[in-house]
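Computed from heavy atoms alone, side chains included, the values below leave out hydrogens, waters and symmetry copies. Every value quoted in this text rests on a predicted model; they were computed, and no experiment measured them.
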Amino acid sequence: MTEFLLSAAEEQSGASGTTILVIIGAVALLLYIGSLYLHPFTRCGRCKGTPRQYGALATKSWRHCGACNGSGREIRLGARILGIDP
């Protein structure tokens with residue numbers, strides 16, 4: 001019985017591992033959302049940040065990337081989900 005009371009007292013005195021993980025997860029989530037507001041863009045996945053796509057036969061000719069419309073960047077997935085307008 002005394003061992004049970006001692007272990008219960010030890011658990012109540014300090015923060016549990018689950019509580020610490022929840023706090024760390026919440027802080028990480030806030031930092032990620034903050035980074036979305038500061039840097040909502042990433043490089044385009046199709047053109048890899050170079051907005052020109054060159055022809056296969058006529059290698060000197062080029063057109064703008066259709067995915068990013070020639071800007072070389074796209075809105076990050078998290079920013080798109082949260083509706084952050086750049």
Side-chain angles (χ1 to χ4, degrees):
M1 181 72 170
T2 58
E3 291 176 5
F4 175 75
L5 292 175
L6 287 175
S7 65
E10 287 175 2
E11 287 182 16
Q12 289 179 356
S13 64
S16 69
T18 306
T19 305
I20 292 172
L21 286 176
V22 168
I23 291 171
I24 290 172
V27 168
L29 181 65
L30 288 175
L31 289 173
Y32 176 69
I33 291 172
S35 77
L36 289 174
Y37 277 101
L38 292 174
H39 307 286
F41 292 108
T42 186
R43 68 183 181 141
C44 176
R46 188 179 295 175
C47 68
K48 307 291 189 263
T50 57
R52 293 182 179 181
Q53 289 187 337
Y54 292 93
L57 298 176
T59 57
K60 302 263 185 204
S61 63
W62 58 273
R63 64 179 172 86
H64 287 295
C65 173
C68 63
N69 294 325
S71 69
R73 59 187 187 170
E74 291 179 322
I75 297 176
R76 290 168 61 183
L77 178 63
R80 224 175 319 161
I81 290 171
L82 294 177
I84 297 171
D85 286 330

Residues that Arg46 engages under side chain to side chain donor-acceptor pair (under 3.5 Å), provided they are two or more places apart: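 Scan of Arg46 (side chain to side chain donor-acceptor pair (under 3.5 Å), adjacent residues dropped) gives none.
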
For Cys47 and Gly72, which heavy atoms make the closest approach, and how far apart are they?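 That closest heavy-atom pairing would be SG-CA, 4.2 Å.
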
Which pair of non-hydrogen atoms, one from Glu74 and one from Arg43, has the smallest distance, and what is that distance?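 That would be OE1-O, 4.2 Å.
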
Suppose clustering is done on Ile, Leu, Val, Met, Phe, Trp and Tyr with side-chain heavy atoms closer than 4.5 Å. Which residues sit in the same group as [X]?
X: Leu30; result: none
X: Leu77; result: Ile81
X: Ile75; result: Phe41

Interatomic distance, Ile24 atom CD1 to Leu29 atom CG [nearest 0.5 angstrom]: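 Between atom CD1 of Ile24 and atom CG of Leu29 there are 14.0 Å.
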
I'd like a table of donor-acceptor pairs (distance under 3.5 Å, sequence neighbours excluded) in which one partner is a side-chain atom from residues 55-64, with atom names and distances.
from	atom 1	to	atom 2	distance (Å)
Ser61	OG	Ala58	O	2.8
Arg63	NH1	Gln53	OE1	3.2
Arg63	NH2	Gln53	OE1	2.9

Identify, with sequence neighbours excluded, every residue that meets side-chain contact (heavy atoms from CB on, under 4.5 Å) alongside Ile84.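 In terms of side-chain contact (heavy atoms from CB on, under 4.5 Å), with neighbours along the sequence ignored, Ile84 is linked to Leu36, Tyr37, Ala79, Leu82.
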
Side chains of His39 and Arg76: does their closest heavy-atom pair fall under 4.5 Å?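 Yes, at least one pair of side-chain atoms sits under 4.5 Å.
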
